[in-house]
Protein chains: 2
Amino acid sequence: MTTPLPIIAGTRMALQIAERLREEIVSAAILPGQALSETDYATLYGVSRQPVREAFIRLAADGLLEVLPQRGTFVKKVSIKTVADARFVREAVEAAIVVEACQRATPADIAMLKQIIDSQTELLELESSKSASADEVMNRAMATGFLALDEAFHRALAKVAKRETAWAFVDRLKVQMDRVRYLSYQEATPAERLVAQHATIVEAIAQRDVALASADMHIHLAEVVGALPKLRERMPDMFED
Amino acid sequence: MTTPLPIIAGTRMALQIAERLREEIVSAAILPGQALSETDYATLYGVSRQPVREAFIRLAADGLLEVLPQRGTFVKKVSIKTVADARFVREAVEAAIVVEACQRATPADIAMLKQIIDSQTELLELESSKSASADEVMNRAMATGFLALDEAFHRALAKVAKRETAWAFVDRLKVQMDRVRYLSYQEATPAERLVAQHATIVEAIAQRDVALASADMHIHLAEVVGALPKLRERMPDMFED
DNA sequence: TTTTGGCTTCTTGTATACTAGCATACAAGC
DNA sequence: GCTTGTATGCTAGTATACAAGAAGCCAAAA
């Protein structure tokens, strides 16, 4: 609730508000359990309750908010079961995606994937050089930047496999995992390791080694859940179940 | 728009309307491409535009409706790519589910699955005995009944694997496949064959044969797409792309 | 001290009115 | 005949007002 308001008035404000809130929730700028009031956000953005309300409905459909009639709307706490099953689904789908990527990848595809990995490496080098000044804001910015590049890699993989629509399905449940990654960028797997795994996957694809690529993807996606127990211990209020 | 109105006034009418419309769209009682008016449905259900509007938003989020500002709201036409990728995702996830079901299934679980299959068989025998009077209404009722039992089987499988949450994710994209099954219950795979496949899967689970169970599930889910080409030829207006 | 009743104040749910944009039809001008 | 301007009737988007229920507070009674 401390946000300014770069909302473009006039056109589909419900959608803009939904997108903005989604990002704030996923990036843990608004914490789990937080109560959100339709009225408050309406005044904050200078609109009526209706667009805010419709934004809330959209986010509730994605499992980010919980609307309790006559009581209030709250940011959903992290559910271990939900995160675990989101990983389960994503792992199954992305393993299938890399199999098809193995079969379809052109040299240009491989080059593109490697270029994304190079960007990731570049970002990490920049980060380590600045790591002396480990202030909160810088950390957040780095986490956001890296997650964007991570997203780009997996999306590109789906594109290579010509499964963009399948990725769109996965993208909707991925937010449940991303929330955890933002909350736990302290105890999370070092980004360097993730980038190395990306490289391994691409290498397997380049070699058309279906079994290896699939196995590597399973290993890669299993990392995310590892941070959960420690995270829950550190901030139990963020969890339910 | 020819529906009566068994809507319970007073409590969360937006949700009731959304559920009802969802069923009508998935079961092809409302056809793809059809224009829906907020105002018309408001008067039909005896409510204001707002609840109808919120129902539309929910269904649009699931890819069943398309809201075009200042133009209208339309039932989404069937997208081959969307259906194909929905199957792709579901296949990947359910194959993973049967693997875990193989590992966890208790004798009671096996018995429960077999009981569902028995119910399916029973329904089919009833259908074949009545098949002389092959009227439209009867066919629809049978299709609905069988799809409900099919749904029950796959849901039960997820429960055995303790992946109910994962199934909830799949359930959201399954509607894209169900629409096709309703539209094409003429040229679709005979239900007897599907039930036989169910039995094969359960048998593999009972034998703890992971590879076989997984393979059987892949075969089982591949059936649905087979009907697409003929269906598109029969009713091209229902498709986009 | 504990409990109970009512009041106040919050919340979301719904209804109604108004705004703005698109599409179509139709008429005027070329 | 063809094009273009315009009026009209539709649509969804938004604003405002009211209704209904939940929660907390506080005072009064047991």
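Note on naming: letters A, B, ... go to the chains in the order of the sequence lines (proteins, then strands), and numbering restarts at 1 for each one.
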Quiz item: Between dG13(C) and R12(B), is there an OP1 or OP2 to side-chain N/O distance shorter than 4.0 Å?
Solution: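 Yes, R12(B) has a side-chain N/O under 4.0 Å of OP1/OP2 on dG13(C).
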Quiz item: DNA chain D: R49(A) or V67(B), which has the more 5' nearest nucleotide?
Solution: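 Nearest nucleotide further toward 5': that of V67(B).
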Quiz item: Mapping P51(A) and L68(B) to their closest nucleotides on DNA chain D, which lands nearer the 5' end?
Solution: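 Of the two residues, L68(B) wins.
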Quiz item: To the side chain of E38(A), which of dG13(D), dT14(C), dT12(C) is closest?
Solution: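 Closest nucleotide among those given: dT12(C).
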Self-check item: Of the listed nucleotides dA15(C), dG13(C), dT16(D), the one nearest the side chain of S48(A)
Solution: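 For the S48(A) side chain, the nearest candidate turns out to be dT16(D).
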Length of the [atom1]-[atom2] vector between [X] and [N], whole Å:
| X | N | atom1 | atom2 | value |
| --- | --- | --- | --- | --- |
| L15(A) | dA12(D) | CG | P | 15 Å |
| Q50(B) | dT16(C) | CD | P | 12 Å |
| L65(B) | dA12(D) | CG | P | 11 Å |
| L36(A) | dC10(C) | CG | C1' | 15 Å |
| D40(A) | dT12(C) | CG | C1' | 13 Å |
| F74(B) | dA12(D) | CZ | C1' | 11 Å |

Show each protein N/O and nucleotides 19-23 of chain C N/O combination with a separation under 3.5 Å, one pair to a line.
residue: dA23(C); atom: OP1; partner: R71(B); partner atom: NH1; Å: 3.3

Exercise. Have a look at T73(B) and say if it touches a base, only the backbone sugar-phosphate, or nothing, with a 4.0 Å heavy-atom cut-off.
Key: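 The residue T73(B) makes sugar-phosphate contact but no base contact.
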Exercise. For the residue pair H198(B) and F153(B), categorise the inter-ring angle as parallel (less than 30°), tilted (30 to 60°) or perpendicular (more than 60°).
Key: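 The arrangement is parallel - the two ring planes meet at less than 30°.
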Quiz item: Parallel under 30°, tilted from 30 to 60°, perpendicular over 60°: which one fits the rings of W167(A) and H154(A)?
Solution: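 Plane angle under 30°, so parallel.
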Quiz item: Around atom NZ of K81(B), are there more than 12 heavy atoms of other residues, nucleotides or ligands at under 6.0 Å?
Solution: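 Yes, enclosed.
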Side chain to side chain contact (heavy atoms under 4.5 Å, CB included) against [X], all qualifying residues, sequence neighbours excluded:
| X | value |
| --- | --- |
| L228(B) | I80(B), V83(B), V180(B), V225(B), F239(B) |
| A29(B) | E24(B), S27(B) |
| L194(A) | F146(A), R181(A), T189(A), Q197(A), H220(A), E223(A) |

Quiz item: Looking just at side-chain N and O atoms, do Y45(A) and R20(A) make a donor-acceptor pair shorter than 3.5 Å?
Solution: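 Side-chain D/A pair, Y45(A) to R20(A): present.
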Self-check item: Selection: residues 53-63 of chain A, any non-hydrogen atom under 4.0 Å of DNA chain C
Solution: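 Going residue by residue through residues 53-63 of chain A, the ones with a heavy atom under 4.0 Å of DNA chain C turn out to be R53(A).
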Quiz item: Between K230(B) and E233(B), does at least one N-O distance fall below 4.0 Å, as a salt bridge requires?
Solution: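 Salt bridge between K230(B) and E233(B), a charged N being under 4.0 Å from a carboxylate O: no.
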Exercise. Using ring-ring contact (aromatic ring centres under 6.0 Å, His included) as the criterion, list what pairs up with F88(A), not counting sequence neighbours.
Key: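 Here no residue qualifies.
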